[in-house]
Amino acid sequence: MAKAMTSEIKFLVELDENRVPEKLTWTAQDGGVEAEEAKAMMLSIWDSKVKETLRIDLWTKEMPVDEMKLFFHQTLVAMSETFNRATGDEKMAATMKDFCDYFAEKMELK
């Protein structure tokens, strides 16, 4: 029997006295990332027992609103691409991309 491989991704969140994130760093040694700083993160985990998504959404005090809008837009685009790869539902993926274009237009990102 082959030995199972593992890969570890770590997140470090530095908080102020009110438990508001001041600094986010992440490490993924298999990806060549070592304590890289980030201003925001979104993590979704599927709990198959209760059929529910668990989430962690964090951003630092220094995350500018204009960058947050870009972050959301790029995340939505990535989700539509991942949805297409995961389900093969090209029609719905295209609908999601249409929404991404609408979002970018309304947020004046394009």
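Across every non-hydrogen atom of A35 and T27, the tightest pair is N-OG1, 2.9 Å.
Pairs passing the side chain to side chain donor-acceptor pair (under 3.5 Å) check and including a residue from residues 38-50, sequence neighbours excluded, do not occur.
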Can I get a per-line list of side-chain donor-acceptor pairs under 3.5 Å for residues 16-25, giving both atom names and the distance, sequence neighbours left out?
residue: D16; atom: OD1; partner: N18; partner atom: N; Å: 2.8
residue: D16; atom: OD1; partner: R19; partner atom: N; Å: 3.0
residue: D16; atom: OD1; partner: V20; partner atom: N; Å: 2.9
residue: D16; atom: OD2; partner: K61; partner atom: NZ; Å: 2.6
residue: E22; atom: OE2; partner: K61; partner atom: NZ; Å: 3.3

Determine all donor-acceptor pairs shorter than 3.5 Å in which one atom belongs to a side chain in residues 62-81; sequence neighbours excluded.
residue: H73; atom: NE2; partner: C100; partner atom: O; Å: 3.3
residue: T75; atom: OG1; partner: F71; partner atom: O; Å: 2.7
residue: S80; atom: OG; partner: V77; partner atom: O; Å: 2.7
residue: E81; atom: OE2; partner: K97; partner atom: NZ; Å: 3.1

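Every residue two or more places apart in sequence or in another chain was checked for a salt bridge (charged side-chain N to carboxylate O under 4.0 Å, His left out) with R85, and none qualifies. Applying the side chain to side chain donor-acceptor pair (under 3.5 Å) criterion to D98, with sequence neighbours excluded, gives no partner residue. Contacts of T6 classified as side chain to side chain donor-acceptor pair (under 3.5 Å), with partners at least two apart in sequence or in another chain: none.
Taking hydrophobic clusters as Ile, Leu, Val, Met, Phe, Trp and Tyr residues chained together by side-chain heavy-atom distances below 4.5 Å, V33 shares a cluster with M41. Put simply, W26 and L12 are part of two different groups of oily side chains (I, L, V, M, F, W, Y) that touch within less than 4.5 Å, one to the next. By the criterion of side-chain heavy atoms lying less than 4.5 angstrom apart, applied directly or through intervening Ile, Leu, Val, Met, Phe, Trp or Tyr residues, L109 is grouped together with Y102 in one hydrophobic cluster. Cluster membership for L43 and I9, using ILVMFWY side-chain heavy atoms within less than 4.5 angstrom, is shared.
Looking at K10 and E8, a side-chain N of the basic residue comes within less than 4.0 Å of a carboxylate O on the acidic one, giving a salt bridge.
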(request) Could you check L58 against V13 for side chain to side chain contact (heavy atoms under 4.5 Å, CB included), going step by step and ending with a plain yes or no? (result) CA-CA 9 Å; L58 298 172; V13 183; 3.7 Å; yes
(request) Go through the steps to decide whether I56 and M42 satisfy the test side chain to side chain contact (heavy atoms under 4.5 Å, CB included), and finish with yes or no. (result) CA-CA 6 Å; I56 300 172; M42 292 184 206; over 6 Å; no
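Within 6.0 Å of atom CE in M92, 12 or fewer heavy atoms from other residues, nucleotides or ligands are found, so the atom counts as exposed in its surroundings.
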